[in-house]
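Okay, structure first, notes after.
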Amino acid sequence: MTNKRVTLVQVAKDAGVSPATVSHFLNGNFQKMGAGTREKIRLSIKKLGYQVNPVAKSLITGRMHTIGLVLSDSIYDGDGYFEDLYFLHFAKVIKQQLKALGYKIILLDFEEIFMNVQMVDGIIVKATMETEKFMPKLMDLRVPVITVGRHNLSYGAHVLRVNDFQSGQTGVNHLLSRGYDNLIILTYPHGQVPGFDDRLNGASEALQQHGRLTTVLTGDMTEKFGYDTVVNLAQSNQLPQALFCLNDISAIGALKACKDLELAVPEQLAVLGIDDMPTVSELLSLSTIRHPINELAAAASKLMIKSIETDGEPVAPVEEVFPTELMVRRTS
């Protein structure tokens, strides 16, 4: 026997209030509703197992209660595989944050977001050279847009980012303080990811302040790039004292190469990353610069809901910069 769907009227009857009051509760209109009334409705919903009909709710509110998390092809291949574990964790955390606020996320690439804009109330996008190409068109969709990291131009979107310049400075100062005078920096080609350019600029300034030149190798910053870099340097007898990898993914590849080549870390090669990917970096005892991903996700969730649930007055573009933290572990 199939259980019948619990209705809003049944919730109202159980809570001892009118159906209109329950409707106001479900739509977040608490202005004239006492705390006792809200608690009675909440308990009735939980007891009866009432579930909101998302289609009906969207017709009433004009909102889908869905946020699009836009992924570039470099980190999402359409089948759910992420090369960027850091952004994967961001997606996981923001999903939890938005769920608590009554929203859900869907993962989309740029082709999909323009085909399905009617499905979302707002858009969150990772700032890269690839995603910047689409920003003017994205802003024309007339929904709130948040970029994680900065593009070269603002485009009128909200920007939430870490202090990448500080990350570069902190990393170099740490390695030099440990006596690693000969170091190489791994990063993306200039202009590909503005945040990585900021990291390199911070590192270069710190090196200059100590009277040292900056040596840089560029690539796609994947695990394979980190691995191949160490192998090539070792084979050509050009290993530095330290590698400063401007993300943890490439640093993990470097550590794997050290293991395969039987290079002692940090005695023969110190390795420092940036990100502090949850669990992974700590398990590998990777020294890194921690970026506050949970705080970023929480801020993005709150800012997005605030931008959506306005009374017709758009929220002015916000830029918030989060500090970073050095995590010294075994590899340096």
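Heads up: numbering here begins at 1 and tracks the sequence.
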Which atom of Ile293 lies closest to which atom of Phe90, heavy atoms considered: CD1-N, 3.4 Å

Measure from NZ or CZ of Arg178 to the centre of the six-membered ring of Tyr180, then state whether that distance is under 6.0 Å and the direction lies within 45° of the axis. no

Measure from the side-chain N and O atoms of Gln208 to the backbone N and O of Leu213, and report whether any donor-acceptor pair falls under 3.5 Å. no

More than 12 non-hydrogen atoms from neighbouring residues, nucleotides or ligands closer than 6.0 Å to CD on Glu39, yes or no? yes

Hey, is Asp198 close enough to Arg150 for a salt bridge, meaning N to O under 4.0 Å? yes

I'd like to know if the side chain of Arg38 reaches the main chain of Met33, judged simply by a donor and an acceptor atom lying under 3.5 Å from each other, with no hydrogens or angles considered. yes

Between Asp248 and Thr288, a side-chain donor and acceptor under 3.5 Å: yes

Whether Ser281 side chain and Met277 backbone form a donor-acceptor pair below 3.5 Å: yes

With a 6.0 Å cut-off (strictly less than), is the heavy-atom count around CD of Gln268, excluding the residue itself, greater than 12? yes

Quick one, Glu295 with Val162, criterion side-chain contact (heavy atoms from CB on, under 4.5 Å). Give me CA distance, side-chain angles, the key distance, then yes/no. CA-CA 10 Å; Glu295 289 84 346; Val162 297; over 6 Å; no

Could you go through Arg161 and Glu319, starting from their C-alpha distance and side-chain angles, then the distance that decides it, and tell me whether this counts as salt bridge (charged side-chain N to carboxylate O under 4.0 Å, His left out)? CA-CA 8 Å; Arg161 62 184 182 87; Glu319 179 170 5; 2.7 Å; yes

Partner of Phe196 under side-chain contact (heavy atoms from CB on, under 4.5 Å), chosen from Leu186, Thr128, Asn247: Asn247

What do you reckon, is CD of Glu262 surrounded by more than 12 foreign heavy atoms closer than 6.0 Å? no

Please check: side-chain N/O of Thr331 versus main-chain N/O of Ser287, any donor-acceptor pairing under 3.5 Å? yes

Side-chain H-bond candidate by donor/acceptor type, Glu132 with Asn152, under 3.5 Å: yes

Would you say Thr170's side chain and Ser167's backbone share a donor-acceptor pair under 3.5 angstrom? no

When the ring planes of Tyr103 and His65 are compared, do they come out parallel, tilted or perpendicular, using 30° and 60° as the limits? tilted

Which heavy-atom pair separates Leu243 from Ala254 by the least distance, and what is that distance? CD1-CB, 4.1 Å

State whether the side chain of Asn201 and the backbone N or O of Asp197 hold a donor-acceptor pair below 3.5 Å, judged by distance alone. yes

In sequence, state the C-alpha distance, the side-chain angles, and the governing distance for Leu272 and His174, and then conclude on side-chain contact (heavy atoms from CB on, under 4.5 Å). CA-CA 9 Å; Leu272 177 67; His174 165 65; 4.3 Å; yes

Are any side-chain N or O atoms of Gln10 and backbone N or O atoms of Thr7, one a donor and one an acceptor, separated by less than 3.5 Å? yes

